[in-house]
Amino acid sequence: MATLTLDDIRAARERIKGGIYESPCVESIPLSQLTGAHVFCKLDYLQRTGSFKERGARNALLLLSDAARKRGVIAASAGNHALGVAYHASLLGIPVTVVMPKFAPLIKVANCRTLGANVILHGGDLSESRVEAEAIGVREGLAFIHPFDNANVVAGQGTIGLEILEQTPSVQAIVAPVGGGGLLAGIGTVCEALKPDVRVVGVEPVHAACLTAALAAGHPVPVALSSTLADGLAVMQAGAIPFEVLKRVVDQVVTVDEATIALAVLRLIELEKSVVEGAGAAPLAAFLAGKLDTLKGKDVVLVLCGGNIDLTMLDRVIEIGLVADGRLTRFTVTISDRPGGLARLAEVIASTGASIKEIVHDRAFSGPDLSAVRVVCVVETTGHEHVRELHRALADAGVRIET
């Protein structure tokens, strides 16, 4: 397939019909109030394996020759693409091997094995895993299913765009996360052909901004990766096939930092009762970061496309989100180590309505004054203004917060 067309995506939709869940695209009153836009959420994290990746995986697998199906396939993925390939390969009776980075979330590794895939952990990042997968594919005669630089995969991902336009005909903008670019390229192709006035917006983490770099350079270029809560978007270089589409159809690409991604995960849990991974929460994060104020008042679809968050990390993500939201704060003060000193500190904190979660005495590093002690406090508050109120109350009581 030399170029991606609307007909390719429509054919993919017909091909994968019955094997893919047509996820709902629902109005969100709380997110609309939060963002100032009229928000609808495309809930593709409700797919069987928890992400949109099933769409492209199934389409690519169904287009393999009988001989290729018999030999089997191999994929490289940090998790969601591997899960999609493993699941649909098992349904289609195709042997599958997946190469995952050593840092891949344990839940995704375990689930791939549960689905019957032969899982190989190799490499410190997805690029190293992909090189190994391609080498194994050549050596063993396995068809390599690229997670985004494969036209059949991109066509499958684009089916989500067809559903969005049908389910939300008033849509004026679609905001989707960006890893290698396959999802956004598919959505952009649909919008360009059927509703060109729809604004197509991509969101990527600051720690893996490969599309931003590609657009600046005019072609895909490698970027340095740092650890990110949006591990599904940790791609070193945008795909060549998606980029050829994206440079034509994307209207805006924004980046979001880690604290805002965590806050978006928290907001979705609280307001939508939805547990969405960092990559899936990126579209909301862009609003929370103030990057999409031009979309206020417009009908906007947020593509919530992944729900495979590692539960061992969820509590840490929530805490980071609470800190970013001003609902969890930490400060250090020096108080009298005589009886009543700690009680007076607790009284000041309580007077503001804040709740103490943890207090740690630091006597060893409190200095030469044996009558004083440093105290590290972790306190629950209702937001940033409440934190400022707490700081004022401490100052009025003569308690100085150390910086």
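Using modelled atom types and a 3.5 Å distance limit, the side chains of Glu54 and His88 yield a donor-acceptor pair. For the residue pair Glu27 / His38, a side-chain donor-acceptor distance below 3.5 Å is found, with atom types taken as modelled. Defined by atom type and a distance below 3.5 Å, a donor-acceptor pair is present between the side-chain atoms of Glu402 and Thr334. No side-chain N or O of Asn111 forms a donor-acceptor pair with one of Thr114 less than 3.5 Å apart. Between the side chains of Thr312 and Asp310, at least one donor-acceptor pair of N or O atoms lies under 3.5 Å. A donor and an acceptor atom, one from each side chain of Lys42 and Gln167, are located under 3.5 Å apart.
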Go through it in stages, so that I can follow the logic: the residues are Leu284 and Val203, the test is side-chain contact (heavy atoms from CB on, under 4.5 Å), and I'd like the CA-CA distance, side-chain angles, deciding distance and then a yes or no. CA-CA 9 Å; Leu284 177 59; Val203 184; over 6 Å; no
Run the side-chain contact (heavy atoms from CB on, under 4.5 Å) test on Leu246 and Val253 for me, step by step, so that the C-alpha distance in whole Å, both residues' side-chain angles and the decisive distance to 0.1 Å come before the verdict. CA-CA 10 Å; Leu246 289 171; Val253 179; over 6 Å; no
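The distance from atom CG of Leu61 to atom CD1 of Ile16, rounded to the nearest 0.5 Å, is 11.5 Å. Atoms CG and CZ, on Asp8 and Arg10 in that order, are 11.5 Å from each other to the nearest 0.5 Å. Here the straight-line distance linking atom CD of Glu192 with atom CD1 of Ile187 works out to 14.0 Å at 0.5 Å rounding.
Of all non-hydrogen atoms in Val190 and Gly158, the two that sit nearest each other are CG2-O, 3.5 Å. The shortest heavy-atom contact between Lys108 and Leu83 is O-CD2, 3.8 Å. Across every non-hydrogen atom of Pro101 and Leu121, the tightest pair is O-CD2, 3.9 Å. Taking both residues in full, the closest heavy atoms of Ile349 and Thr352 are given as O-OG1, 2.8 Å, listed atom of the first, atom of the second, then distance. Between Leu229 and Ala262 the shortest heavy-atom distance is CD1-CB, 3.7 Å. Here the closest heavy-atom approach between residue Ala76 and residue Phe144 is recorded as N-CE1, 3.9 Å.
Taking the side chain as every heavy atom from C-beta outward, Ile269 and Leu314 approach each other to under 4.5 Å. No side-chain heavy atom of Leu4 sits less than 4.5 Å from a side-chain heavy atom of Ile241. Annotation: side chain of Arg139 is in contact with side chain of Ile136 (closest heavy-atom distance under 4.5 Å). Put simply, the side chain of Ile335 reaches to within 4.5 Å of the side chain of Val373, judged on heavy atoms. When side chains are defined from C-beta on, His146 does not count as touching Val153, because their heavy atoms never get closer than 4.5 Å.
Applying the side-chain contact (heavy atoms from CB on, under 4.5 Å) test between Val245 and each of Leu184, Val154, Thr189 identifies Thr189 as the sole match.
A salt bridge links Glu166 with Arg13: the distance from a Lys NZ or Arg NE/NH1/NH2 to an Asp or Glu carboxylate oxygen falls below 4.0 Å. Note on Arg316 versus Glu319: no salt bridge recorded, every NZ/NE/NH1/NH2 to OD/OE distance being 4.0 Å or above. Glu14 and Lys17 are joined by a salt bridge, as a carboxylate oxygen and a charged side-chain nitrogen come within less than 4.0 angstrom of each other.
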Under 3.5 Å, which donor-acceptor pairs do the side chains of residues 213-228 form with other protein atoms, sequence neighbours left out?
residue, atom, partner, partner atom, Å
Thr228, OG1, Ala230, N, 3.0
Thr228, OG1, Glu258, OE1, 3.3
Thr228, OG1, Glu258, OE2, 2.8

